[in-house]
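Structure record follows, encoded as structure tokens.
Quick note: numbers below take in every heavy atom, side chains included, and nothing from hydrogens, waters or symmetry partners.
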Amino acid sequence: MAGGISKSLTWNGKAVKARMKAAQREGVNRTMAGAVRHARDNHNWDNQTGILEGAINIITFAYENEKGVTGVWGVQDVAYARIRELGGTITPKKAKFLAIPISDAARRAGSPRQMANLAYVQSVKGQPMLVDADSGDVHYLLRKRVVVHADPYLRPAADAIYPQLTENIRKAWEKHKPTQGGGSREGGEDA
């Protein structure tokens, strides 16, 4: 003991661990919130109803599990969200055709079953359609399948925002200074 100064370490491991878990939760939540904002602001589709854009959200806020801290963001309860992101082929489940609305009246009706006075016809080239039986106005094109090309909005947001995770955790760590210290040496020096 030179000069009469004792340097011993007081380690507050539980406090450090709690501070780190809190910083991780906050960092994950901040990163997910950024990804949600990015996905909502930077998608490529023409937003007609706002349903899909409004459904992009944090689904499960950050929580601890056996592997660390995790959370879930994305879209929940919008049937077409996955096919918009990944692409795929849509086929009818209960009918012979998919009905694709092409008139304002058909879009408002939502389904051919909600429109009266429709008749099945085929164009000269064989395209099946549903038309108004009196006026002949075309309301729906009928298809056996529709191929939807991928139009990702979640993956690009993750690619853009996930690199900020480490910095978000670091900022949260610095913000949550422990009340009893994460570790200190007698004599006022931090470990």
Side-chain angles (χ1 to χ4, degrees), residues 25-65 67 69-165 168:
R25 283 190 307 273
E26 186 174 324
V28 168
N29 284 334
R30 184 180 302 228
T31 303
M32 289 191 303
V36 166
R37 280 190 304 277
H38 189 282
R40 285 181 179 177
D41 294 343
N42 295 288
H43 57 74
N44 294 322
W45 70 81
D46 180 23
N47 195 8
Q48 295 177 9
T49 64
I51 293 171
L52 180 55
E53 185 178 290
I56 302 169
N57 217 331
I58 294 175
I59 296 168
T60 305
F61 284 92
Y63 64 94
E64 293 176 44
N65 64 18
K67 294 181 181 180
V69 174
T70 191
V72 178
W73 72 279
V75 177
Q76 193 171 348
D77 299 329
V78 177
Y80 57 90
R82 182 180 176 131
I83 201 155
R84 168 74 72 179
E85 176 77 14
L86 302 175
T89 302
I90 301 172
T91 56
K93 291 182 180 177
K94 296 180 182 176
K96 188 175 179 180
F97 294 105
L98 296 169
I100 302 169
I102 61 168
S103 70
D104 289 338
R107 284 188 208 61
R108 282 191 302 274
S111 164
R113 291 180 179 95
Q114 303 299 319
M115 288 188 75
N117 205 30
L118 291 177
Y120 174 88
V121 298
Q122 287 187 352
S123 71
V124 175
K125 293 185 178 184
Q127 168 63 57
M129 301 177 285
L130 293 176
V131 300
D132 184 286
D134 295 328
S135 69
D137 292 339
V138 179
H139 291 294
Y140 293 92
L141 295 179
L142 301 176
R143 299 266 199 256
K144 290 196 180 260
R145 75 182 58 78
V146 174
V147 175
V148 178
H149 298 286
D151 191 4
Y153 53 99
L154 300 176
R155 288 177 291 170
D159 291 344
I161 303 301
Y162 282 14
Q164 299 171 15
L165 177 61
N168 287 338

Could you state the interatomic distance from [atom1] ([X]) to [atom2] ([Y]), rounded to the nearest 0.5 Å?
X	Y	atom1	atom2	answer
L130	D137	CG	CG	13.0 Å
R37	D41	CZ	CG	8.5 Å
Y120	L142	OH	CG	6.5 Å
N117	D132	CG	CG	5.0 Å
L86	H149	CG	NE2	14.5 Å
M32	I58	CE	CD1	4.5 Å

Practice task
Go through the structure and list residues passing salt bridge (charged side-chain N to carboxylate O under 4.0 Å, His left out) with R143, not counting sequence neighbours.
Solution key: none
Where do [X] and [Y] come nearest, in terms of heavy atoms and distance?
X	Y	answer
H38	A160	NE2-CB, 3.6 Å
L52	A81	CD1-CB, 3.6 Å
I90	L98	O-CD1, 3.4 Å
I102	Y140	CG1-N, 4.2 Å
A106	M115	CA-SD, 3.7 Å
V28	T70	CG1-C, 4.3 Å

Exercise for the section: Check each of P92, P128, P112 against F97 using the side-chain contact (heavy atoms from CB on, under 4.5 Å) test, and report the only one that passes. Expected result: P128
Practice task
Could you tell me whether the side chain of I59 reaches within less than 4.5 Å of the side chain of W73, counting heavy atoms only?
Solution key: no
Practice task
Taking the side chain as every heavy atom from C-beta outward, state whether V69 and R25 have any pair of such atoms under 4.5 Å apart.
Solution key: yes
Exercise for the section: Could you tell me whether the side chain of Y162 and the main chain of A35 form a donor-acceptor pair under 3.5 Å? Expected result: no
Problem - Whether N29 side chain and F61 backbone form a donor-acceptor pair below 3.5 Å - result: no
Exercise for the section: Please lay out, stage by stage, how N57 and R40 fare under the test side chain to side chain contact (heavy atoms under 4.5 Å, CB included). Expected result: CA-CA 9 Å; N57 217 331; R40 285 181 179 177; 3.7 Å; yes
Exercise for the section: Answer with yes or no whether the side chains of N168 and T31 bring together a donor and an acceptor at under 3.5 Å. Expected result: yes
Practice task
Would you mind listing every side chain to side chain donor-acceptor pair (under 3.5 Å) that reaches into residues 89-100, with sequence neighbours excluded?
Solution key: none
Completion exercise
Residue pairs meeting salt bridge (Lys or Arg N to Asp or Glu O under 4.0 Å), one or both in residues 69-87, sequence neighbours left out, come to R84-D151, E85-R155
Problem - Candidate pair V36 and I161, rule side chain to side chain contact (heavy atoms under 4.5 Å, CB included), full reasoning - result: CA-CA 9 Å; V36 166; I161 303 301; over 6 Å; no
